[in-house]
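Quick one: the structure is below, and I'll ask about it shortly.
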Amino acid sequence: MNIEKIIQNATIDALKELYQFIPDESQVQIQNTRKEFEGDFTLVVFPFLRFSKKSPELTGNDIGAYLLNHIEIVESFNVIKGFLNLVIRNDYWLTILKNAFETENFALAAVTNDSSLVMVEYSSPNTNKPLHLGHIRNNLLGYSISEILKANGNKVIKTNIVNDRGIHICKSMYAWQQWGNGKTPESSGMKGDHLVGEFYVEFDKHYKAEIAELMEEGKTKEEAENQAPSIVAARELLRKWEAKDEETVNLWKTMNDWVYKGFDITYKTLGVDFDKIYYESDTYLVGKEEVLRGVKEGIFHQNEDSSVWADLTNDGLDKKILLRSDGTSVYMTQDIGTAKMRFADYSIDKMVYVVGNEQNYHFQVLAILLDKLGFEWGKDLYHFSYGMVELPSGKMKSREGTVVDADDLVEEMVKVARDMSVELGKLDSLSPEEAEKTFKMIALGALKYFILKVDPKKNMMFNPEESIDFNGNTGPFIQYTYARIQSVLRKAENQDIQINSAVSVDSVSVKEKDIIKRIFLFPAVVKEAGDNYSPAVIANYCYELVKEYNQFYHDHSILSETNEAVKNFRLILSSTVANVVKSGMSLLGIEMPERM
RNA sequence: GCCUCGGUAGCUCAGUUGGAUAGAGCAACUGCCUUCUAAGCAGUAGGUCAUGGGUUCGAAUCCCGUCCGGGGUACCA
């Protein structure tokens, strides 16, 4: 049983005995004592004044005296205003540290037979352009939340639904046919996704020019947009694709393969992966079938123009289109099909969609539609809705070239990490290969931490000039402290210092006690991160822990400490901090370098 | 219009189920490398928690109004 619970229970007994009052558990608030005051835990006594009919000070003294007599590990207490501060005995904290030191991955729950199976969908790119900064946030959050769910004892299947069909890829295909001159990734030396993206931009350029031309000829904007030769040709490609025209399908396959090879590289760089990939081209027909079944069963209704609609006005929402009047499917149709296939493939207990908050309404509707179609898991789906990434210049738009490309960004950060390391004279002792690996670790650590430390629900600002930072509350600061602890441990080993896990020292400084308390909190933090779907909780925790460690570290020596017991204690504390930080950061997908 | 999310230091962000004097980093300014790694440490300065009310022992936190901003809102994904 944890200490807070013990204090809480004892306080309930105290109130019973002292004031004949039986409180609700929620009325007994135990919190960590603020740093300015003496003590480890604090009980707020205000809620009990009406039962004690005494001043806050006297009430606090009553309860404090009771707790001192009844809880062994309480050493002393003091009362300030309405706050009862309890001081916990030294050896209690040493025991906590010892346990954390001896238990490997002490915060991570094991997967058992009755673990839930959670499927996490993330990334979900279109295949007509490369990944950008917005995708990076999606990928990092998706990967991290999967790791966090695993750490909380769930079985997790990471999945990706690739939007590989539709008008967007046909635009790139048409542009390649027209202006590509047979260009391939091999012939141009370009990454496949970048090459295809280039033709998507090319299409838009011509399309816009054609619209302008038609409008000059006197057509309205709408007419021009519909009659421009490029868009007509792209639509024709889509029609041929749906009719399984061999040449079109082959081109589609070729260009998608280029893109997948490019994506694979980006995914690998980012360190994310998937257990199962679904393709929209396989799922959209299943979705169509389900919608038509819905029509037959009277769940949806078909208009005279043959478009299909769901009436959600009884659920407080609008009417939603499910099939266009030409019979083609929309986004929602595909998501229904994909969901059906997934639940047929796996016995999923919980489905998590990592998708931006611009689609909150979409998922609200999807849950209701799946429910109406008779899938009982429908209403239980969880939309992990995250905020947009904003640039100083405003919103990112692929076609307008105002995006931050994922590959470029990582490359730039690696460059900055490398330059800075050289300038600081770091890593000179490493081989070029090892040093390069470390630069990447640091660059990725900076990027991942920067994005994951922000509350996922909120929009965040990313300034490419200013956001590339390696000092302060950053990933590299945490990596740096880790590397320094490793250095101390290496030196201890070289000096043949044996670490004895039986810690016993006479006194523990306030700062050291703070560090132990924080280590002790780690399992609760992992749980909180899982419950709230928030990697940020873990990021900020790791920072606080490392910061506290650094502050202590600078005022106290470890290896030159002459008291062997104290030296041993500090080595154990350091080693445990390193382990906790490493396992915390691994939940964010951030690697820890042994030196930097 | 309606729905929804947000507004905390110059900037980027934290802020435990409502608790003690609202915290970090960046930027600015002062110190500290002969001592286990200075990607660090110590310090100074910077706040009407958008705003007006309400709830109570106590509000950045809960409720209502107002202002500002993001996103969504029936054939784009």
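Model, not experiment: these values are computed from the prediction.
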For the residue pair Ser306(A) / Ser325(A), report whether a side-chain donor-acceptor contact shorter than 3.5 Å exists.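 No, no side-chain donor-acceptor contact under 3.5 Å.
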Separation of rC76(B) C1' from Arg235(A) CZ (nearest whole Å):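 Value for this atom pair: 12 Å.
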With rounding to the closest Å, how many angstrom separate the C1' atoms on rC57(B) and rU66(B)?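 Straight-line distance between the two C1' atoms is 30 Å.
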How long is the line joining CD1 of Ile478(A) and P of rG40(B), in whole Å?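 Atom CD1 in Ile478(A) sits about 11 Å away from atom P in rG40(B).
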Euclidean distance for C1', rA14(B) against rA24(B) (whole angstrom):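 Looking at atom C1' only, rA14(B) and rA24(B) are 7 Å apart.
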Tell me: CD1 of Ile572(A) to P of rC36(B), nearest whole Å?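 Distance check: Ile572(A) CD1 to rC36(B) P gives 23 Å.
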Between rC41(B), rU37(B), rA20(B), which nucleotide has the shortest distance from any of its atoms to the side chain of Arg34(A)?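 Looking only at side-chain atoms, Arg34(A) lies closest to rA20(B).
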Face-to-face stacking of Phe46(A) with rG19(B), centres under 5.5 angstrom, angle under 30°: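 Yes, Phe46(A) stacks on the base of rG19(B), since the ring centres sit under 5.5 Å apart and the planes are within 30°.
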Under 4.0 angstrom, heavy atoms only, what part of the nucleic acid is Gln29(A) near: base, sugar-phosphate, or nothing?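 Contact class for Gln29(A): base.
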Could you check Glu561(A) against Arg570(A) for salt bridge (charged side-chain N to carboxylate O under 4.0 Å, His left out), going step by step and ending with a plain yes or no? CA-CA 9 Å; Glu561(A) 170 62 46; Arg570(A) 287 181 183 167; 3.2 Å; yes
For Gln31(A) and for Asn360(A), find the nucleotide of RNA chain B with the closest heavy atom, then tell me which residue's nucleotide is more 5'.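 Its nucleotide being nearer the 5' end, the pick is Asn360(A).
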Hey, does Thr474(A) reach any base, or is it just sugar-phosphate, or nothing, if we go heavy atoms under 4.0 Å?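 Here Thr474(A) touches no strand at all.
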So what does Asn126(A) touch, heavy atoms closer than 4.0 Å: a base, only the sugar-phosphate, or nothing?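 Asn126(A): backbone/sugar contact only, no base atoms under 4.0 Å.
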Mind checking if Phe477(A) touches a base, just sugar-phosphate, or nothing, with heavy atoms under 4.0 Å?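 If one applies the 4.0 Å heavy-atom cut-off, Phe477(A) turns out to touch the sugar-phosphate alone, with no base involved.
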Would you mind checking if Glu25(A) and Lys5(A) are paired as a salt bridge, meaning a charged N to carboxylate O distance below 4.0 Å?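 Yes, this pair counts.
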Rounding to an integer number of angstrom, what distance separates rU37(B) and rA20(B) when you compare their C1' atoms?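 My reading of the C1' atoms in rU37(B) and rA20(B) gives 39 Å.
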Any side-chain heavy-atom pair of Val44(A) and Phe83(A) under 4.5 Å: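 In contact.
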Apply side-chain contact (heavy atoms from CB on, under 4.5 Å) to residues Ile485(A) and Tyr549(A) and explain how you reach the verdict. CA-CA 10 Å; Ile485(A) 292 173; Tyr549(A) 176 83; 3.6 Å; yes
Please report the C-alpha distance between Glu57(A) and Lys81(A) in whole Å, then the side-chain angles of each, then the deciding distance to 0.1 Å, and finally whether the salt bridge (charged side-chain N to carboxylate O under 4.0 Å, His left out) criterion is met. CA-CA 6 Å; Glu57(A) 286 74 14; Lys81(A) 291 199 253 175; over 6 Å; no
Ring-plane angle category for Phe363(A) and Tyr353(A), please: parallel below 30°, perpendicular beyond 60°, tilted otherwise.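 Tilted: the ring planes of Phe363(A) and Tyr353(A) meet at 30° to 60°.
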Considering only rA39(B), rA74(B), rG19(B), which nucleotide approaches the side chain of Lys319(A) most closely?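 Closest nucleotide to the Lys319(A) side chain: rA74(B).
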Residue Val488(A), side-chain atoms from C-beta onward, closest of rA74(B), rU37(B), rA20(B):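 Among rA74(B), rU37(B), rA20(B), the one nearest the side chain of Val488(A) is rU37(B).
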Once hydrogens and angles are ignored, does a donor-acceptor distance under 3.5 Å link the base of rC75(B) to the side chain of Asp326(A)?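 For Asp326(A), whose side chain was compared with the base of rC75(B), there is no donor-acceptor pair (under 3.5 Å).
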Could you check whether Ile167(A) gets within reach of a base, just the sugar-phosphate, or nothing at all, counting any heavy atom under 4.0 Å?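 Nothing, no heavy atom under 4.0 Å.
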What is the distance from NZ of Lys320(A) to P of rC3(B), rounded to the nearest Å?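 For the pair Lys320(A) NZ and rC3(B) P, the rounded distance is 18 Å.
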Check the orientation of Tyr386(A) and Phe384(A). Use parallel for under 30°, tilted for 30 to 60°, and perpendicular for over 60°.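 Geometry flag for Phe384(A) against Tyr386(A): perpendicular rings.
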Starting at the 5' end of RNA chain B, write a dot or bracket for each base, bracketing those in Watson-Crick or G-U wobble pairs whose two distances are under 3.5 Å and using | for partners on another strand. (((((((..((((.....[...)))).(((((.......))))).....(((((..]....))))))))))))....
Which nucleotide in the set rC41(B), rG72(B), rA39(B) lies at the smallest distance from any side-chain heavy atom of His554(A)?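 My answer, after comparing the listed nucleotides, is rC41(B).
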Using atom P in both nucleotides, what's the gap between rG52(B) and rU16(B) to the nearest angstrom?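 Here rG52(B) and rU16(B) have their P atoms 23 Å from each other.
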rC33(B) and rG47(B): how far apart are their C1' atoms, nearest whole angstrom?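 Straight-line distance between the two C1' atoms is 35 Å.
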Taking only the side-chain heavy atoms of Ser325(A) (C-beta and beyond), determine which of rC26(B), rA24(B), rC75(B) contains the nearest atom.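 Between rC26(B), rA24(B), rC75(B), the one nearest the side chain of Ser325(A) would be rC75(B).
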Centroid distance under 5.5 Å and plane angle under 30°, Phe37(A) vs rA20(B):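 So Phe37(A) counts as stacking on the base.
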From rC36(B), rU21(B), rC26(B), pick the nucleotide closest to the side chain of Leu559(A)?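 Looking only at heavy atoms from C-beta outward on Leu559(A), the closest nucleotide is rC36(B).
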Would you classify Ser26(A) as touching base, sugar-phosphate or nothing, given that sugar-phosphate means primed atoms plus P, OP1 and OP2, and contacts are heavy atoms under 4.0 Å?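 No contact.
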Does any donor-acceptor pair link the side chain of Ser421(A) with the base of rA39(B) at a separation under 3.5 Å?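 Yes, a donor-acceptor pair under 3.5 Å.
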When all nucleic acid strands are considered with a 4.0 Å heavy-atom cut-off, which category describes Lys547(A): base, sugar-phosphate, or nothing?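 Sugar-phosphate contact only.
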When rounded to the nearest Å, what value does the distance between P atoms of rU55(B) and rC63(B) take?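 It works out to 16 Å between them.
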Separation of Leu312(A) atom CG from rA74(B) atom C1', in whole Å?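 Distance, rounded to whole Å: 10 Å.
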RNA chain B: Thr33(A) or Gln334(A), which has the more 5' nearest nucleotide?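 Taking each residue's closest nucleotide, the earlier one in sequence belongs to Thr33(A).
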Indicate, with a heavy-atom threshold strictly under 4.0 Å, whether Asn85(A) touches base, sugar-phosphate, or nothing.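 Base, at least one base atom sits under 4.0 Å.
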Need one value for Ala483(A): base, sugar-phosphate or nothing, where a base atom within 4.0 Å counts as base even if backbone is also close, heavy atoms only.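 Base, at least one base heavy atom under 4.0 Å.
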Charged N-O contact under 4.0 Å between Asp193(A) and Lys129(A):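 No, no charged N to carboxylate O under 4.0 Å.
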Short N-O contact, Arg518(A) and Asp514(A), less than 4.0 angstrom: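 No salt bridge links Arg518(A) with Asp514(A).
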Atom-pair distance (CG on Asp318(A); P on rC2(B)), nearest Å: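 Atom CG in Asp318(A) sits about 14 Å away from atom P in rC2(B).
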Hey, are Glu434(A) and Arg595(A) close enough for a salt bridge, meaning a charged N less than 4.0 Å from a carboxylate O?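 No, no charged N to carboxylate O under 4.0 Å.
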Over 60° means perpendicular and under 30° means parallel, so tell me whether Phe522(A) and Tyr541(A) are parallel, tilted or perpendicular.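 Plane angle under 30°, so parallel.
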Any base atoms under 4.0 Å from Tyr361(A), or only sugar-phosphate, or nothing? Heavy atoms, all strands.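 Result for Tyr361(A) = sugar-phosphate.
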Would you kindly give the CD-to-P distance between Gln359(A) and rG70(B), to the nearest whole Å?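 Checked: the CD to P distance equals 19 Å.
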Regarding Lys372(A) and Asp311(A), does a basic nitrogen lie under 4.0 Å from an acidic carboxylate oxygen?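 Looking at Lys372(A) and Asp311(A), the cut-off is not met.
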Could you tell me how far rG25(B) sits from rU17(B) if I compare only their P atoms? Round to whole Å.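 Approximately 24 Å lies between the P atom of rU17(B) and that of rG25(B).
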If we take the C1' atom in both rC5(B) and rA42(B), what is their distance in whole Å?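 It works out to 41 Å between them.
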To the nearest Å, how far apart are Met388(A) CE and rG72(B) C1'?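 From Met388(A) CE to rG72(B) C1': 11 Å.
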Tell me what Arg50(A) touches on the nucleic acid: a base, only sugar-phosphate, or nothing, going by heavy atoms under 4.0 Å.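 Counting heavy atoms under 4.0 Å across all strands, no contact is made by Arg50(A).
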How would you summarise protein contacts on nucleotides 7-15 of chain B per nucleotide, using B for base, S for sugar-phosphate only and - for none, with heavy-atom distances below 4.0 Å? S----SSS-
In plain terms, say whether Lys440(A) and Glu591(A) are close enough for a salt bridge, that is, a side-chain N and a carboxylate O under 4.0 Å apart.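 No, this pair does not count.
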Phosphate OP1/OP2 of rC36(B) contacted by Ser560(A) side-chain N/O (<4.0 Å):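 So the side-chain polar atoms of Ser560(A) never come under 4.0 Å of the phosphate oxygens OP1 or OP2 of rC36(B).
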Touch class at under 4.0 angstrom, heavy-atom based, for Thr42(A) against every strand present: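 Answer is base: heavy atoms of Thr42(A) come under 4.0 Å of a base.
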